[in-house]
Amino acid sequence: MVVDNLDILYEQYTIRNRIETIAHFLNEDYKDDDNVVLLCVLKGAVNFFSDLALMLSFDAEYEFVGVKSYEGTETTGDPCLTTELPNLEGKKVLIVEDIVDTGLTANYLKSLLQEAADDVKLCTLLSKPSRRIIDIEPDYVAFEIDDLFVVGYGLDYNQKYRNLPYIAVLENSTQTRANLGTINYNNNVNQQ
Ligand code: IMP
Ligand code: MG
């Protein structure tokens with residue numbers, strides 16, 4: 001199935017405004033800290049990470065990590081790292097994610113980091129609470145959305161649409177998800 005019809009959900013200026021708000025909270029919460037690491041979850045969070053980081057007024061180091069969410073032909077959820085974890089000893093880590101969907105990826109990463117760092121918080125551009133299969137509450141959320149498959153601003157469908165400057169819903173999202181479930185989840189859609 002070729003999916004090319006996009007419905008804009010959030011325009012670029014709306015996203016920017018929300019990121020400014022998140023940055024405002026972070027600037028308050030981390031104002032006394034000098035050991036903060038912003039951990040970008042590749043690839044989907046790159047645009048959010050980059051825009052957010054430039055709005056922060058405290059010193060923050062950059063680190064990057066790759067997580068693969070699904071492996072094999074089943075979407076049972078068995079996340080694993082695709083890059084080495086940086087040394088985060090003594091650091092306050094802010095995980096910067098594109099989207100928290102079922103919560104499996106974020107939960108896996110958070111649990112892993114809790115053993116490696118002093119403090120771990122989760123900041124995400126998007127969250128789909130109705131899709132959770134694991135109880136995880138991000139500390140900072142730019143947008144809560146319904147059960148829709150979205151692309152743009154870093155998020156992809158089959159590695160496509162990442163560089164759209166807005167967030168859009170793939171038309172016929174339900175069909176797209178079914179399609180992803182059987183064909184693409186085992187390939188690269190869920191590989192950040
Ligand atoms: P999880 O289900 O919370 O573990 O999310 C796994 C990954 O699925 C996310 O990090 C995204 O890369 C991808 N994902 C989930 N929902 C969407 C979506 O609506 N658009 C694009 N990617 C998505
Ligand atoms: Mg992600």
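In this chain, residues are counted from 1 in sequence order. Just follow the structure's listing: the first ligand is 1, and inside any ligand the first atom is 1. Bear in mind the structure is a predicted one, so any value in this text is a computation, not a measurement.
At a heavy-atom cutoff of 4.0 Å, ligand 1 is contacted by no atom of V151, backbone or side chain. Heavy atoms of V41 found under 4.0 angstrom from ligand 1: none, in either backbone or side chain. Both the backbone and the side chain of V150 come within 4.0 Å of ligand 1, counting heavy atoms alone. Contact annotation for R131 and ligand 1: no heavy atom of the residue comes within less than 4.0 Å of the ligand.
Put simply, the side chain of N35 gets close to the backbone of G90: a donor and an acceptor are under 3.5 Å apart. The main-chain N or O of L122 is found under 3.5 Å from a side-chain atom of D139 such that the two form a donor-acceptor pair. Of the possible polar contacts, one joining the N87 side chain to the E89 backbone as a donor-acceptor pair under 3.5 Å is found. Side-chain atoms of D98 do not come within 3.5 Å of backbone N or O of L155 as any donor-acceptor pair.
For atom 6 (C) of ligand 1, the nearest non-hydrogen atom from the set T102, N107, T105 belongs to T105. For atom 11 (C) of ligand 1, the choice among V67, I99, I167 with the nearest heavy atom turns out to be I99. Nearest to atom 22 (N) of ligand 1 by heavy atom, out of F149, Y157, Y161, is F149.
Between D156 and ligand 1 there is a heavy-atom distance shorter than 4.0 Å.
Between the OH atom in Y166 and the OG1 atom in T14 there is a gap of 13.5 Å [rounded to 0.5 Å]. Atom CZ of R132 sits about 8.0 Å away from atom CG of D101, to the nearest 0.5 Å. In this structure, CG in L125 is found 9.5 Å from CG in N47, a value given to the nearest 0.5 Å.
Ionic pairing of K91 and E63 is not present here: no N-O contact between side-chain nitrogen and carboxylate oxygen is shorter than 4.0 angstrom.
Considering backbone and side-chain N/O atoms, G103 comes within less than 3.5 Å of an N/O atom of ligand 1.
Distances below 4.0 Å separate heavy atoms of D98 from the following atoms of ligand 1: 10 (O), 11 (C), 12 (O). Atoms of ligand 1 found under 4.0 Å from any heavy atom of L148, numbered from 1 in the order shown, are 19 (O). Near L155, meaning under 4.0 Å from one of its heavy atoms, ligand 1 places the atoms 20 (N), 21 (C), 22 (N). Within the listing of ligand 1, atoms 16 (N), 17 (C), 18 (C), 19 (O) sit less than 4.0 angstrom from a heavy atom of K128.
Using cut-offs of 30° and 60° on the angle between ring planes, the pair F49 and Y62 is perpendicular.
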